[in-house]
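Chain identifiers are assigned alphabetically (A, B, ...) following the order of the sequence lines, protein sequences preceding nucleic acid strands; residue numbering begins at 1 within each chain.
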Amino acid sequence: MSDAPLNFIEEIIEADNASGKWKGRVHTRFPPEPNGYLHIGHAKSIVLNSGLARRYGGKFNLRFDDTNPEKEEQEYVDSIIRDVKWLGGDFEDRLFYASDYFGQMYDWAEQLIQKGVAYVCDLNQDQMKEYRGDWNTPGKNSPYRDRSVEENLDLFRRMRKGEFEPGAKTLRAKIDMTSGNINLRDPVMYRILKESHHRTGDTWCIYPSYDWAHGNEDSIEGITHSICTLEFENHRPLYDWFLDQLGVHHPQQIEFAKLQLTYTVLSKRNMLYLVQNGITRGWDDPRMPTLSAMRRRGFPPEAIRAFAEDVGVTKVESVIDIGRLENAARDHLNKHAPRRLGVLKPLKVTITNWPAGQVEEVEVQNNPEDEAAGTRKVPFSGELFIERDDFMEDPPKKFFRLGPGREVRLRGAYFVACTEFVKDASGTVVELKCTYDPATKGGNSPDGRKVKGTLHWVSAAHAVDAEVRVFDRLFAAEFPGKGHEGERPFLKDLNPNSLEILKGAKVEPSLAGAAAGDRFQFERLGYFTVDLDSKSGGLVFNRTVTLKDTWAKEQAKG
RNA sequence: UGGGGCGUCGUCUAAAGGUAGGACAUCAGACUUUGACUCUGAGUAUCGUGGUUCGAAUCCACGCGCCCCAGCCA
């Protein structure tokens, strides 16, 4: 437990514990509908719910809210389980499905019919809408509202048996057609759906609606604090009404503001569009905000958790600067990612005074943030590659890298000075000729001479070829779609440079055996992970995030 | 225009009638074998108007602004 201030949900829990409301019990749940992939917004909910359980010695359930067979699929169930586990949401053996409770819910529905507070309605969809009224007009009672208990029971049982077509009848709660809260105007509890369910098959042809089902699910599982997002605030009176009518265990619904991020689109509909139209390469394209994509891109789950905790929990609708997510990744990776040397856009360097054919091993620290990470040997020779951006033909004074006559340090190796540069016919610099100072081995000069810059490098003969996928934000606008007209305004804000594939990268030889998912810092560049597409002999890296770069910022200012 | 919710630095978020604090971002500097990390410093906020009070972000009143709701989706 930390001494950080409590968020409003923790305050509720501590008050409940103090009053003995739940006898000290805390039981939360994450209840996704298996109709899409989990994204960073869901991560906030998972971290919140599972974190509360952990903090207060309670329990956390994973429960699929699979009440709509028209939209749900096993593929999504599998991906969600994988993602929740990866994030560290510890539901132990408590993996549940709303569909497991269909029998209980059906019995409870009959109970409400017996009680006279639920009825079978024959109104079709258009009629029901008309009878419902609107914000300024109270609704009218359905003509079927006063059927007898016997008739309702008979009809409901026949609905279950499949005697009626989809849409022909519904079971409705008898509440108040004039309520200012439209959710209370006799909401639908069951609809007829002749659709095969991914778990129950064709056992059922009537399916419970969200409002009826959700409280039941929470109640059955003994949930104490049922946490959901703000848009369900209007549904809470209904949640309470059903549970009160049933007289069963009654959890408290609490609403919080969902996560929104700048430069990001998080709606399932829009994400599906990006995937189906090939704008990204599937749900796990590293530019997507899904958890599978973020995993593939190299985000550590610990970083996502830290981020989710850092942004806080309130009822204020807020948009988080995506830079904070990137920062969370840097923060974790800085402490844990081993450093390596890799050159994204190589420029050849020949050390003219290096003994021909000689190879030396230099010792480089694996992680200056972590002494225990130790050191490694990296081969150095007279033919090297450095980063193209680290040389300028006519550099400004504040450029600390290589230029004609300038001297820099090669990380862990020697000081080198540029004596000459070679251009091809088109005027592009293709090679540098440098001299090295043998007295500076390891990177220190005995005469106390200073250099401003330290460059990363690889030995040409020893380097391993790699493809590097350099990602940038998928959208170029802070609020994608804002200010544009049309069907899918967010498409107008797509960043045309969100993916750059660098085929000719060169990395140090120790990376040859790296496996998919391994994360590294390429010194001075950023954090990189080995992509799923990587095969031995064909290394592929994803750039997770760059290092902070004040030089680039300076340049951008002009 | 009915019902529900929300307004604190640029962005998040604390302060439960008593010094408006922190993080990220920004700017300036120190350090540096990563222009990273780390460290130091700076500026910037209580939606408005009244009221209660010795004292109000906090309590009261009246406004204003933004979000959600008219699926047999969740």
Side-chain angles (χ1 to χ4, degrees), chain A residues 4-7 11 31-33 35 65-68 70-72 121 123-125 128-130 132-139 166-172 178-185 187-193 206-207 209-211 213-214 228-237 255 257 262 268 310-321 323-328 330-331 334-335 339 341 364-365 368-369 398-401 408-413 415 440 442-444 451-456 478 521-526 546-555:
Chain A
L6 303 180
N7 65 48
E11 283 176 353
E33 182 187 16
N35 70 343
D65 204 359
D66 55 350
T67 57
N68 186 351
E70 286 177 344
K71 297 182 169 184
E72 297 154 6
C121 183
L123 254 27
N124 67 32
Q125 212 154 155
M128 198 180 290
K129 184 182 167 80
E130 190 195 324
R132 186 156 37 228
D134 60 35
W135 293 326
N136 304 309
T137 322
K169 287 183 167 37
T170 55
L171 183 73
R172 295 227 256 166
T178 68
S179 172
N181 181 344
I182 290 179
N183 293 308
L184 261 22
R185 322 246 261 226
V188 168
M189 295 167 64
Y190 274 97
R191 73 279 206 189
I192 300 169
L193 252 28
I206 57 171
Y207 290 91
S209 63
Y210 168 84
D211 286 307
H214 205 85
C228 61
T229 49
L230 251 27
E231 65 266 31
F232 291 101
E233 218 150 17
N234 293 326
H235 295 248
R236 184 173 2 110
E255 310 85 11
T262 57
K268 275 182 187 170
D310 187 50
V311 298
V313 181
T314 65
K315 299 188 69 144
V316 185
E317 272 203 63
S318 52
V319 184
I320 308 294
D321 184 343
R324 288 176 69 172
L325 178 60
E326 296 166 350
N327 253 315
R330 289 189 188 105
D331 232 40
N334 177 46
K335 294 186 190 80
R339 315 286 122 127
L341 301 177
V364 186
Q365 255 192 310
E369 302 290 316
K398 291 176 75 179
F399 185 78
F400 302 150
R401 285 108 102 142
V408 297
R409 171 169 39 236
L410 295 182
R411 181 88 217 230
F415 283 13
T440 57
N444 287 306
V451 288
K452 272 301 238 182
T454 300
L455 308 188
H456 58 280
E478 197 170 7
Q521 182 196 101
F522 289 178
E523 291 210 32
R524 302 209 304 133
L525 296 174
T546 61
L547 251 31
K548 272 202 223 160
D549 190 345
T550 53
W551 169 243
K553 202 194 285 178
E554 189 108 346
Q555 281 178 307

**Prompt:** Do other residues, nucleotides or ligands put more than 12 heavy atoms under 6.0 Å from the NZ atom of A/Lys268?
**Reply:**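 Atom NZ in A/Lys268 is crowded, with more than 12 foreign heavy atoms closer than 6.0 Å.
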Which is true for [X] with a 4.0 Å heavy-atom rule: it touches a base, it touches only sugar-phosphate, or it touches nothing?
X	answer
A/Gly453	nothing
A/Gly412	base
A/Asn35	nothing
A/Thr137	nothing
A/Val319	sugar-phosphate
A/Phe232	base
A/Arg409	base
A/Leu171	nothing
A/Arg401	base
A/Asp211	nothing
A/Phe399	base
A/His235	base

**Prompt:** Would you say the side chain of A/Glu11 and the base of B/A16 hold a donor-acceptor pair, judged only by whether the two atoms sit under 3.5 Å apart?
**Reply:**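 Checked by distance alone, the answer is yes.
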Integer angstrom distance from the [atom1] of [N] to that of [M]:
N	M	atom1	result
B/G22	B/G41	P	11 Å
B/A57	B/A16	C1'	12 Å
B/G18	B/U58	P	11 Å
B/U13	B/C72	P	34 Å
B/C37	B/U44	C1'	27 Å
B/C64	B/G50	C1'	14 Å
B/A23	B/U8	C1'	15 Å
B/A25	B/G43	C1'	13 Å

**Request:** Between A/Ser318 and A/Ala413, just flag the one whose closest nucleotide in RNA chain B comes earlier from the 5' side.
**Result:**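 That would be A/Ser318.
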**Item:** Steps toward side-chain contact (heavy atoms from CB on, under 4.5 Å) verdict (A/Trp135, A/Ile182)
**Value:** CA-CA 8 Å; A/Trp135 293 326; A/Ile182 290 179; 3.4 Å; yes
Could you give the [atom1]-to-[atom2] distance, from [X] to [N], as a whole number of Å?
X	N	atom1	atom2	value
A/Asn183	B/C72	CG	C1'	14 Å
A/Arg411	B/U32	CZ	P	14 Å
A/Glu255	B/A74	CD	P	18 Å
A/Asn68	B/A74	CG	P	5 Å
A/Arg324	B/A23	CZ	P	11 Å
A/Met128	B/A70	CE	C1'	13 Å
A/Asp321	B/U13	CG	P	13 Å
A/Lys452	B/C31	NZ	P	9 Å

**Item:** Nearest-0.5 Å distance, OG1 of residue A/Thr170 to CD1 of residue A/Ile192
**Value:**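 These two atoms lie 8.0 Å from each other.
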**Asked** Can you tell me how far CG of A/Asp549 sits from CD of A/Glu554, rounded to the nearest 0.5 angstrom?
**Response**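 Rounded to the nearest 0.5 Å, the CD-CG separation comes out at 10.5 Å.
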**Prompt:** Ring of A/Tyr210 versus six-membered ring of B/A74: centres under 5.5 Å and planes under 30°?
**Reply:**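 It does not: the ring fails the test against the base of B/A74.
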**Request:** Could you encode protein contacts along nucleotides 2-8 of chain B as a string, one character per nucleotide from 5' to 3', using B for base contact, S for sugar-phosphate-only contact and - for no contact, with a heavy-atom cut-off of under 4.0 Å?
**Result:** BBSSSS-
**Contact pattern, 5' to 3', of nucleotides 36-42 of chain B - B, S or - by protein heavy atom under 4.0 Å** = BB-----
**Message:** As a test of your reading of the structure, name each stem of RNA chain B as range with range, where a stem is three or more consecutive Watson-Crick or G-U pairs at under 3.5 Å.
**Reply:**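 Stem list for RNA chain B: B:2-7 with B:64-69, B:10-13 with B:21-24, B:26-30 with B:38-42, B:47-51 with B:59-63.
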Is the backbone of [Y] close enough, under 3.5 Å, to the side chain of [X] for a donor and an acceptor to pair up by distance?
X	Y	value
A/Ser179	A/Leu184	no
A/Arg132	A/Pro138	no
A/Asn124	A/Ala168	no
A/Asn7	A/Val313	no
A/Thr229	A/Ala257	no
A/Arg172	A/Cys121	no

**Request:** Could you tell me whether the side chains of A/Thr454 and A/Arg409 share a donor-acceptor contact shorter than 3.5 Å?
**Result:**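 Result is yes, a qualifying pair exists.
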**Request:** Please check if any side-chain donor atom of A/Asp134 sits under 3.5 Å from a side-chain acceptor atom of A/Asn136, or the reverse.
**Result:**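 Checked: A/Asp134/A/Asn136 side chains show no N/O donor-acceptor pair below 3.5 Å.
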Which nucleotide in [options] has an atom nearest any side-chain atom of [X]:
X	options	answer
A/Lys129	B/C72, B/U34, B/G71	B/G71
A/Thr454	B/U34, B/A74, B/C72	B/U34
A/Glu33	B/A74, B/A23, B/C27	B/A74

**Request:** Heavy atoms only: give me the nearest A/Leu230-A/Glu317 pair and the separation to one decimal.
**Result:** CD2-CG, 4.0 Å
**Item:** SB check A/Lys315 A/Glu255 (cutoff 4.0 Å)
**Value:** yes
Using a cut-off of less than 4.0 Å, is there contact between a side-chain N or O of [X] and OP1 or OP2 of [N]?
X	N	answer
A/Arg172	B/C72	no
A/Lys553	B/U26	yes
A/Arg191	B/C73	yes

**Test item: A/Glu326 and A/Thr546 side chains (from C-beta on) under 4.5 Å apart, heavy atoms** =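 No - every pair of side-chain heavy atoms lies 4.5 Å or more apart.
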**Prompt:** Hey, is B/G4 sitting syn or anti, using the within-90° cutoff around 0?
**Reply:**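 For B/G4, whose glycosidic angle is more than 90° from 0, the conformation is anti.
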**Request:** Could you walk me through whether A/Leu455 and A/Arg524 pass the side-chain contact (heavy atoms from CB on, under 4.5 Å) test, one step at a time?
**Result:** CA-CA 8 Å; A/Leu455 308 188; A/Arg524 302 209 304 133; 3.4 Å; yes
